[in-house]
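Contents: one structure, followed by commentary.
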Amino acid sequence: IINFDAHFDLREADQASSGTPFRQIAQWCEQAGIAFHYLCYGISRLGNTPALFARAQELGVRFRLDTDIAAASLADLAQELQQQLAAATHVYLTIDLDVLPAEKAPGVSAPAAYGMALEKVEYLVRIVKDCGKLVAADIAECNPSHDRDGLTAKVAARLAHTLLQPH
């Protein structure tokens, strides 16, 4: 699983929510005896509790903070991602629009004060798309009631186009 998201979405809760899907997948993997491989780009230090960072560590989650990504070059990010992809058999990609700065994606439930630059998200999404191992992808968290001028929907459409355009 490769997730672009400001949040781990590893919360423990009695009822499923947008904060629990990867915890649910980790639990399913454990019950099925399957390794849980989860890589998350754009994690916000301030958007996740210390308990979520501890759970991520316990589950072996690999992640890059939004601030680290801002300082990293595209070449370094690409090389790191390609190494992760080389070890994978299949890839599920999910893009939570709250990974983007609020000025690019205001129409989300939890707008990011910092976020990950759209050009870096697009670049890395292209690498995943072109790796030949992508089996499923989704774009999540577009909230029209918060989306001024349809900007977030336009960004989502741009990312969908990136995913769907031929090589």
Side-chain angles (χ1 to χ4, degrees), residues 1-102 105 108-118 120-129 131-143 156 159 163:
I1 302 166
I2 298 175
N3 184 21
F4 289 87
D5 197 339
H7 309 99
F8 284 117
D9 293 345
L10 292 169
R11 271 188 253 143
E12 234 176 289
D14 294 333
Q15 189 169 358
S17 74
S18 64
T20 65
F22 299 106
R23 173 72 174 175
Q24 292 171 271
I25 293 170
Q27 289 172 326
W28 182 88
C29 287
E30 183 179 353
Q31 292 167 354
I34 298 170
F36 177 62
H37 298 287
Y38 179 37
L39 171 61
C40 196
Y41 284 98
I43 289 293
S44 168
R45 174 70 66 193
L46 301 174
N48 294 274
T49 64
L52 287 171
F53 277 96
R55 183 163 304 124
Q57 183 176 0
E58 168 192 315
L59 292 171
V61 175
R62 293 175 311 277
F63 66 92
R64 291 292 299 261
L65 295 172
D66 53 3
T67 52
D68 294 339
I69 290 170
S73 72
L74 283 176
D76 288 344
L77 290 169
Q79 181 181 17
E80 172 186 275
L81 178 56
Q82 288 165 336
Q83 288 172 348
Q84 297 296 322
L85 291 169
T89 306
H90 297 94
V91 175
Y92 161 49
L93 172 66
T94 181
I95 305 166
D96 186 324
L97 296 170
D98 72 18
V99 75
L100 297 164
V108 297
S109 299
Y114 193 84
M116 187 175 163
L118 177 58
K120 287 188 175 181
V121 173
E122 266 191 333
Y123 184 78
L124 296 175
V125 164
R126 267 191 235 102
I127 290 171
V128 174
K129 179 188 75 95
C131 79
K133 299 178 181 184
L134 185 63
V135 296
D138 64 55
I139 298 171
E141 286 278 336
C142 187
N143 186 337
L159 290 167
L163 280 167

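No experiment lies behind these values; they were computed from the predicted model shown. Side chains are part of it too, since the values below use all heavy atoms of this structure and drop only hydrogens, waters and symmetry mates.
- For the residue pair S44 and G47, the shortest heavy atom distance occurs at OG-N, 3.0 Å.
- Atom CG of L124 is separated from atom CZ of R126 by 9.5 Å, given to the nearest 0.5 angstrom.
- Note: M116 CE to E122 CD = 11.0 Å, rounded to the nearest 0.5 Å.
- Sorted by first and then second residue, the salt bridge (Lys or Arg N to Asp or Glu O under 4.0 Å) pairs with a member in residues 66-82 read R64-E80; sequence neighbours excluded.
- Note that CG of D9 and CD of E141 are 7.5 Å apart. Values are rounded to the nearest 0.5 Å.
- Scanning for side chain to side chain contact (heavy atoms under 4.5 Å, CB included) contacts around R55 gives L10, E12, R23, L52, L59, with sequence neighbours left out.
- Shown here for T20 and A13, the closest heavy-atom pair between the two residues is CG2-CB, 3.9 Å.
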For residues 85-92, please give each side-chain donor-acceptor pair under 3.5 Å, one per line with the distance, not counting sequence neighbours.
residue: Y92; atom: OH; partner: D138; partner atom: OD2; Å: 2.3

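- Side-chain contact between V61 and F22 is absent, with no heavy-atom pair separated by less than 4.5 Å.
- Note: D96 CG to C142 SG = 10.5 Å, rounded to the nearest 0.5 Å.
- Applying the 6.0 Å contact sphere to CD of Q27 captures more than 12 heavy atoms from other residues, nucleotides or ligands.
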Test side-chain contact (heavy atoms from CB on, under 4.5 Å) applied to L100 and F4, step by step = CA-CA 9 Å; L100 297 164; F4 289 87; over 6 Å; no
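- Between the side chain of K120 and the backbone N or O of A70, at least one donor-acceptor pair lies under 3.5 Å.
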Side-chain polar contacts of residues 31-39 - donor-acceptor pairs under 3.5 angstrom, sequence neighbours left out - could you list them?
residue: Y38; atom: OH; partner: N3; partner atom: ND2; Å: 3.0
residue: Y38; atom: OH; partner: F8; partner atom: O; Å: 2.8

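- The shortest side-chain heavy-atom distance between V108 and N143 does not fall under the 4.5 Å cut-off.
- A distance of 11.0 Å separates CD of Q82 from CG of L77, quoted to the nearest 0.5 Å.
- Applying the ring pair (Phe, Tyr, Trp, His ring centres under 6.0 Å) rule to Y123 yields no partners; only residues at least two apart in sequence or on another chain are considered.
- Note that the CG atom of D5 and the OG1 atom of T94 stand 7.5 Å from one another [nearest 0.5 Å].
- Judged as a side chain to side chain contact (heavy atoms under 4.5 Å, CB included), and not counting sequence neighbours, the contacts of A156 are L97, I139.
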message = For a side-chain contact (heavy atoms from CB on, under 4.5 Å) check, start with the C-alpha distance between I69 and Y41, then their side-chain angles and the critical distance, and finish with the verdict.
response = CA-CA 8 Å; I69 290 170; Y41 284 98; 3.8 Å; yes
